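Could you have a look at this structure, given as structure tokens, before my questions?
As a basis for the values below, the full set of heavy atoms in this structure was taken, side chains included, without hydrogen atoms, waters or symmetry mates. Note that this is a predicted model, so its numbers are computed, not measured. Below, chains carry the letters A, B, ... as their sequence lines are ordered, and counting in each starts from 1.
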Amino acid sequence: MSLNVEHHATRTLPSEKPLRLLDNAGHAVDGSETGGFSLPPVERLLELYRRMVVARRFDVQVTALTKQGRLATYPSAYGQEACEIGVISAITADDWFFPTYRDSIALLTRGIAPGEILTSFRGDWHNGYDQHRYRTTAQATPLATQALHAVGLAHAARLRRDPIVALTFLGDGATSEGDAHEAFNFAAVWQTPTVFLVQNNQFAISTPVARQTHAATLADKAVGYGMPGYHVDGNDVAAMYAVAHAAVERARSGGGPTLIEGLTYRIESHTNSDDPTRYRKAREVEHWKRRDPIERLEKYLVSEGALSDATRAEIADAAESLARETREVMTREAVIDPLELFDHVYSRPRAALLEQRAALEAELAGAAR
Amino acid sequence: MSLNVEHHATRTLPSEKPLRLLDNAGHAVDGSETGGFSLPPVERLLELYRRMVVARRFDVQVTALTKQGRLATYPSAYGQEACEIGVISAITADDWFFPTYRDSIALLTRGIAPGEILTSFRGDWHNGYDQHRYRTTAQATPLATQALHAVGLAHAARLRRDPIVALTFLGDGATSEGDAHEAFNFAAVWQTPTVFLVQNNQFAISTPVARQTHAATLADKAVGYGMPGYHVDGNDVAAMYAVAHAAVERARSGGGPTLIEGLTYRIESHTNSDDPTRYRKAREVEHWKRRDPIERLEKYLVSEGALSDATRAEIADAAESLARETREVMTREAVIDPLELFDHVYSRPRAALLEQRAALEAELAGAAR
Amino acid sequence: MTTTHTEPTPATDAAASAPQPLTMAGALNAALRDEMAADDRVVVYGEDVGPLGGVFRVTDGLQAAFGDERVWDSPLAESGIVGTAIGMALYGMRPVVEMQFDAFSYPAFEQIVSHVAKMRNRTKGRVELPIVIRIPCAGAIGGVEHHSDSSEAYWASTPGLTVVMPSSPADAYSMLREAIRSDDPVVFMEPKSRYWSKAPLTLPVQTAPMDRAQVVREGTDVTLIGYGPTVRTALDAASAAEAEDLSIEVIDLRSLSPFDDETVSASVRKTSRAAVIHEAAQFGGYGAEVAARITERNFFHLAAPVLRITGYDIPYPSPKLEEHYLPTPDRVLAAIAGWEWDLA
Amino acid sequence: MTTTHTEPTPATDAAASAPQPLTMAGALNAALRDEMAADDRVVVYGEDVGPLGGVFRVTDGLQAAFGDERVWDSPLAESGIVGTAIGMALYGMRPVVEMQFDAFSYPAFEQIVSHVAKMRNRTKGRVELPIVIRIPCAGAIGGVEHHSDSSEAYWASTPGLTVVMPSSPADAYSMLREAIRSDDPVVFMEPKSRYWSKAPLTLPVQTAPMDRAQVVREGTDVTLIGYGPTVRTALDAASAAEAEDLSIEVIDLRSLSPFDDETVSASVRKTSRAAVIHEAAQFGGYGAEVAARITERNFFHLAAPVLRITGYDIPYPSPKLEEHYLPTPDRVLAAIAGWEWDLA
Ligand SMILES: Cc1ncc(C[n+]2csc(CCOP(=O)(O)OP(=O)(O)O)c2C)c(N)n1
Ligand SMILES: Cc1ncc(C[n+]2csc(CCOP(=O)(O)OP(=O)(O)O)c2C)c(N)n1
Ligand SMILES: [Mg+2]
Ligand SMILES: [Mg+2]
């Protein structure tokens, strides 16, 4: 492409030890561990904290509603808030986001209402929000497929000289799919403004990441595409945000794609229908609960004197009010017209579908009589 | 798998400059350029020379026959003999080979008769040789698909504790396919005895390798799978053989897969129906002709006094007699029974196919009458 | 390479003598277990089939029983799963691989269509691929998008594949064992909504050969053809029709490819009317082939066109709408009532 | 984002006023050229579509004319090509992508079936994907394995896709322009064996809407239905039948999805006999749908079962055997002669 200035392949191995800015006790770390990134300003961290607390409350609420049978399914991101919120907060409303089923809380942070996010999981319709309005696509189920959509959109924006970025999330398991490879490769060859976040939550349903890759880190994959790769402590929101922010700005200014691996852990089961006791030990879960991303940041903010009781209470209120809203919206049954089944398959009506629509209409009328 | 001893991910960047043992003038190079490999014994090199000369004669003959219309298509490997012959010579008759359409000369080296190799390209039947007998699968057309077959077979052998190796060839273009990624990944995760040769002949039909990857080398891909990768001068048969031999022996002894990139050039058009003047300059082709792999080894052998006139004549004779055999077999039309169309689709006859067979039989009888 | 092919000494033999209620998932599990015990070339792999036992628990306990060299979790890549199965089969193994749902078999489409289906023919029978690709199929389980596709028409229209779908625990057991023993690749489709349906069974059970359709209820007025999940629909419709003095013969197709013309045509010639039920969309669905070949072979015996009672020509809907999409006994009976009966 | 949608000022307008002999490949090339000139949202990419102009030269000269930001060679990965096209369409582009051959579209199967086909419905029409997936299709070109598949049944049976196949240069031009202008994704199938067939044309030419079938030869005794490469077969059969006083009406289907019931049923009601021809295998092929719906809608007008003259139920054969596989005019006439004409 003539847009291509001379780009040189990045040929650096990501650090094997995940880089971080805060340790588990909430202390800022220095030097070698930070990979040259610096702590975001405290107001930014406070905002990330607020978002994480609200997100977790939402996630816990939805899991509870799912157990009550109000949703068909819900894949929780409990424990992954630093990845989800840290990275989604690095893009603007003009940028695009290509999420998976796991990323409901990132959608929430993107301003989408609970009822619209949950339309699909409660079984009303496949997708409930306006993708153009939120510049956020439907939560992809076929693994890694959405990464290619992100690359295509980013390429289109680049051709239009629009300085926007396409961000996409993938799981550790999804990196094994052919589409993940094709997405990384197209992005690198076309030098598209795409940021890939691989949330390595260490499981694909029951399969541990050791059965997905033989590489030391998933970020190592970046080398094969000549793009920068970062291996980051996925429970350190400061680091996740800082690395993502740098990647987003590099992408925006024509520097091409970046692959970020956030090393984290899925605390909940895969979805409500999963039974994790079959494949992992409670001890392991406990270990990771002690590395909670929200607590870590909270300790830091407290030590910096940046989290007043008033703020804390205000955030808790916001979280509770969102939980209430979520409960309410999930209690009201949505009105779904079965005849809409036929209305969106094609842009122009098809005779055969109109026949089938009429048949269902007659059937419904008969049943109503 | 319980077969898995503790394997550690290989995390070394392949050298950006292709490693080699002989320079273009046929001089042995030393130290840093060799990547620690040493020149194979001269008898081995002489045998590789013989094989390359014979292979080239075959290739040239088949290209000529194709121009005469005796074959439906023929993808030539002219110029790639060091990759083809060097690597195929590193495995034994007990090992398995998973070639592509490009690799007819490797099949020849594997002992398969010209008529059997060319059955598919002359349009007689999809595949003409006994895959089990030669431990060589049909020349794959759907790109990169065969790499997965190689991994599967290698894994089965590993489970059986059979010390065999599965070798597969891919093109530079094929590395972009999802299946290439999945093959590399499965091989690395399962630690199968598989050797991948990527023949980087710098074009996928008309598309230059710069549009396939942004990485500095295709061997860099190995890093993302935690397996060893080698970037080798693909016109140096000594280097190709040495690197492949080491990879094969590592695989055989349980050391897992290796990715080898041979940097070479496709001198001929993609196939007979291609028009390379549309996408590359004659000058470039001339440049690469001056880096001919056979001449390079010949210079070395001559300088070592290892290539007598008698040997040279004897090799030329062998090549000519193979060319003659090839011409002869391609002049005789093979007998193909159209009714065989129905006989191999399933192991047991199906009623509907028997009906269709009978219909064609009646049609043929009618036409014969 | 040494392989041991012990003659069938099913692991279930001793345990089960009196009929035990068994689910279809349980029957499939027993079939895998027994075939693995009988033949050490049989290996089982795919996504989450190991410690978890598969998301539908069909492989439950197999890794514990046979070890992780016979049953294992593969990397998450369907083309990789099927592609490596081809290589394993080439080396003499008999891989049974699982696709987690219909829609997640699509990444493996090229390997299935361009290799699994074509290998035998390509090599004039010199290379056989005894692979079983298990696909939990169809809908009616309240699954979100991509979890309820009906992919059978893609496979059944591909020459070189054998495609079967059991509708009962007994058939599930018997047909899966037969599929694993087949020297040809088999796409083995398991109707998800029937996984937890139960029947009393004594194992091992051997039902009709997997390439034969079965008359599962006799009747004289209409031949109603179902497979997998719609056999239940057909039987329910037939029971309901009894009240209206309409005698429906129900055929469980069992094998989608090959098609058992003999059984189907015999029934149609008796009843002179036929209808086929499936969940997939109608247009280009498997029912088109059923209707076309019944008509070709029995045109002058037919009193009315072959009916197709199917899903609509739309993507499978979300959970709250699937009840409107799925063919029901009522819909079947309404369609049958719509025939011009007086012309018979 | 700014997009310019200039109203059609076809690049070919000025150049061509008197009819010029044009091949189908040339007509397709002109359609791309004219649509790219008219709408700067149209981009063309795929394998070897740039400097080479595609292996069939359909994109010949386009990169030179429009630059490498409108026409470019992508990495060699079909899922990647279709997957990125989805993203580009989402951003307001109208990508036209090329699959090199039918069989090489299979790696893109998941992206096509799970996203391209479903996006509009998934989003209640909020997201449209105006993508054209061009597939050089079918056989009869002496191609080695994997170069002659007929994949139309896979696409046509997938709800959400529009599938069309021209049989002449004029239709190729007109239908491709219409496909690019469609707000829905279109699988645009190009019969390889017809690429070099010529017709005198003045561009721009506008033929019937792409969703309509066309009666391309009138007749009274039989309705013979073809599409793409088999329209020629049908016309040849009709000419030969004339000698035997058999009047065959030939329909060029043009659109495989949707199906033009109106045109087809009208013809069948006139002739009372119908046959469909395609290269693909018969079992589960597109002809099954044609036969099934003709029969459903016109049963009491039919004097005989709808015939299918198709490829055999085997993988597409090697070049030296394809003549025995492909439906020929003779085979069509023999099949027609096999009907029980006296019963009519
Ligand atoms: C192509 C495809 N294959 C299989 C599945 C079924 N499936 C859904 S989630 C999942 C595990 C994904 O793991 P990972 O990518 O690590 O993401 P996580 O769920 O851990 O967030 C699987 C196998 C799917 N959705 N798509
Ligand atoms: C899946 C697939 N897509 C497209 C093609 C068509 N095709 C045949 S060869 C080729 C180029 C392959 O290039 P490369 O892998 O570099 O191998 P080379 O021909 O240079 O040896 C293409 C695109 C194919 N055979 N398979
Ligand atoms: Mg995960
Ligand atoms: Mg190449």
Side-chain angles (χ1 to χ4, degrees), chain A residues 1 4 6-16 143-145 147-148 172-192 198 204 207-229 231 255-257 259 261, chain B residues 1 4 6-16 143-145 147-148 172-192 198 204 207-229 231 255-257 259 261:
Chain A
M1 318 286 319
N4 273 7
E6 263 313 298
H7 283 284
H8 289 293
T10 303
R11 246 179 143 241
T12 323
L13 279 170
S15 76
E16 194 159 347
L143 295 165
T145 55
L148 280 164
D172 46 307
T175 63
S176 296
E177 290 281 4
D179 272 10
H181 163 69
E182 298 187 16
F184 299 153
N185 193 45
F186 275 64
V189 172
W190 292 352
Q191 286 292 297
T192 64
V198 174
T207 307
V209 67
R211 297 207 181 283
Q212 299 294 348
T213 187
H214 188 69
T217 81
L218 290 169
D220 285 9
K221 291 184 184 290
V223 175
Y225 307 96
M227 69 173 155
H231 183 214
L259 176 63
E261 173 188 5
Chain B
M1 319 285 318
N4 272 7
E6 260 316 295
H7 284 283
H8 289 293
T10 303
R11 247 180 142 238
T12 323
L13 278 171
S15 77
E16 194 159 348
L143 295 166
T145 55
L148 280 164
D172 46 308
T175 64
S176 295
E177 291 282 4
D179 272 11
H181 163 69
E182 299 187 16
F184 299 154
N185 193 45
F186 275 63
V189 172
W190 292 352
Q191 288 291 298
T192 64
V198 174
T207 307
V209 65
R211 297 206 181 285
Q212 298 295 348
T213 186
H214 188 70
T217 81
L218 290 169
D220 285 9
K221 290 184 184 290
V223 175
Y225 307 97
M227 68 173 156
H231 183 215
L259 176 63
E261 174 188 3

Let me confirm one number: the NE2-CZ distance from H214(B) to F186(A), rounded to the nearest 0.5 Å. 15.5 Å
If I measure from the heavy atoms of chain A, does E16(B) come under 4.5 Å with its side chain, its backbone, both, or neither? both
Segment of T175(B) engaging chain A (4.5 angstrom heavy-atom cut-off): backbone
Ranking A187(A), A144(A), A210(A), G178(A) by heavy-atom pairs under 4.5 Å to chain B gives rank one to G178(A)
In short, T213(A) meets G224(B) closest at the heavy-atom pair OG1-O, 4.0 Å
Please report the shortest heavy-atom distance between K221(B) and Y225(A), naming the atom on each side. NZ-CE2, 4.2 Å
Show your working on side-chain contact (heavy atoms from CB on, under 4.5 Å) between E182(B) and E177(A) and close with a plain yes or no. CA-CA 7 Å; E182(B) 299 187 16; E177(A) 290 281 4; 4.1 Å; yes
So which heavy atom on R11(B) is nearest to which on T217(A), and how close? NH2-CG2, 4.1 Å
Chain A contact via P14(B) - side chain, backbone, both or neither, heavy atoms under 4.5 Å: both
